[in-house]
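Structure record follows, encoded as structure tokens.
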Amino acid sequence: MYNLSKTEIMREVKDYLYITLGLISYSLGWAVFLLPYQITTGGTTGIGAIIYYSTGFPIQWSYFIINAVLMTFAIRILGPKFSIKTTYAIFTLTLLLWLFQLLVNNYLKVPDMSPDGKPLLLGAGQDFMACIIGAAMCGIGLGITFNYNGSTGGTDIIAAIVNKYRDVTLGRMIMICDLFIISSCYFVFQDWRRVIFGFVTLFIIGVVLDWIVNSARQSVQFLIFSQKYDEIADSIIKETHRGVTVLNGTGWYSKTDAKVLVVLAKKRQSLDIFRLVKSIDPNAFISQSSVIGVFGEGFDKLKVK
């Protein structure tokens, strides 16, 4: 039986909390901005939206059914940890879509109404603004969810599989998968304006998603010069779980031997490393630089042939 350490348990709890936060942003974007203005985008949620617009069948149930089928094929490829979190996300998003639609339709009082009775949350003629805000919220939600090893299912699953083996960004892969879904909404509305809105929404989601994911993956390199290099190296490994390489150097001005610590870490860990070094040796000399990409153990996987 596999026993999780306290640190691993806290890391898992943190993942689920942030996945839930991302799903709240995603479902709010749909329920408050996209659905009321009949805006379609990609993914199984987009398919569910098209079904909802044409038949009235609730979006959350079509979303759930489609993802239940996809998940039966994805478990072996994506691994149990990803699949468990994706299953959690699917159930949670189904609930949140239902809940927020209920709040919007029954409890949110909106003065402006369209001729068909749909609530115009931003006022008449503001569907393009709803498209931008809803897409941004969806992109932020997806980015947070992906960063913490989760997924909303559907084309996200397909994108995650491709991203696992090929160096293709998540946003671009989802965009490719969703072109057909958005184009199909023309057969429901007979209106190319709806299709254009769908593509605008998809583009914004892809850009925001890539920005969220890539900003979280930015890495930095530290060169640390200190007489207490051994204490600093041990603390960095223990506290930040990052590897440390010790290089032999010579101070050319003093002609004395020196040890240089080389550390590669995530950008968000920079402050922790600075505080750690300062607590051990306030007089340490530190150089920090940004790196374009870091591949290997603890960072991104190398996905080239």
Gap separating the OH atom of Tyr229 from the CD1 atom of Ile232, nearest 0.5 angstrom: 11.0 Å

Value rounded to 0.5 Å, distance of CD1 in Ile50 from OG1 in Thr55: 11.0 Å

Contact summary for Asp127 and Ile39, nearest pair of heavy atoms: O-CD1, 3.6 Å

Atom pair CD1/CE of Ile132 and Met137 - distance to nearest 0.5 Å: 14.5 Å

Side chains of Trp98 and Thr94 in contact at under 4.5 Å (non-hydrogen atoms): no

Partners meeting salt bridge (charged side-chain N to carboxylate O under 4.0 Å, His left out) with Asp15 (sequence neighbours left out): Lys85

Mind listing the side-chain donor-acceptor pairs of residues 280-289 below 3.5 Å, one per line with the distance, residues two or more places apart or on another chain?
unit_1, atom_1, unit_2, atom_2, d
Asp281, OD1, Asn283, N, 3.1
Asp281, OD2, Ser226, OG, 2.5

Validation row: Leu247, Val262 side chains within 4.5 angstrom (heavy atoms): yes

Residues that Thr20 engages under side-chain hydrogen bond (donor to acceptor under 3.5 Å, both in side chains), provided they are two or more places apart: Tyr88

With sequence neighbours excluded, residues passing ring-ring contact (aromatic ring centres under 6.0 Å, His included) with Tyr148: Tyr18

Atom pair CD (Glu231) and CG (Leu276), whose distance is rounded to the nearest 0.5 Å: 10.5 Å

Side chain to side chain donor-acceptor pair (under 3.5 Å) partners of residues 247-256, not counting sequence neighbours, each pair once: Asn248-Lys259, Ser254-Thr256

Over 12 foreign heavy atoms within 6.0 Å of CD, Gln227: no

Any side-chain heavy-atom pair of Phe100 and Ile24 under 4.5 Å: yes

Smallest separation among heavy atoms of Ile181 and Thr41, with atom names: CG2-O, 3.9 Å

Check: Tyr37 ring centre within less than 6.0 Å of Phe197 ring centre: no

Phe91 atom CZ: more than 12 heavy-atom contacts under 6.0 Å: no

Ile59 vs Leu35 side-chain heavy atoms within contact, under 4.5 Å: yes

Apart from Met10 itself, residues in the same hydrophobic cluster as defined by side-chain heavy atoms under 4.5 Å: none

Cluster overlap Leu142 with Val200, hydrophobic side-chain contacts below 4.5 Å: yes

Exercise: identify the closest heavy-atom pair between Leu93 and Ser27: CD1-CB, 3.7 Å

Pairwise distance CG(Leu97) to OG1(Thr92) - rounded to 0.5 angstrom: 11.0 Å

Gap between atom CZ of Phe146 and atom CG of Leu209 - 0.5 Å precision: 6.0 Å

Over all atoms of both residues, closest heavy-atom pair of Ala130 and Leu34: O-CD2, 4.1 Å

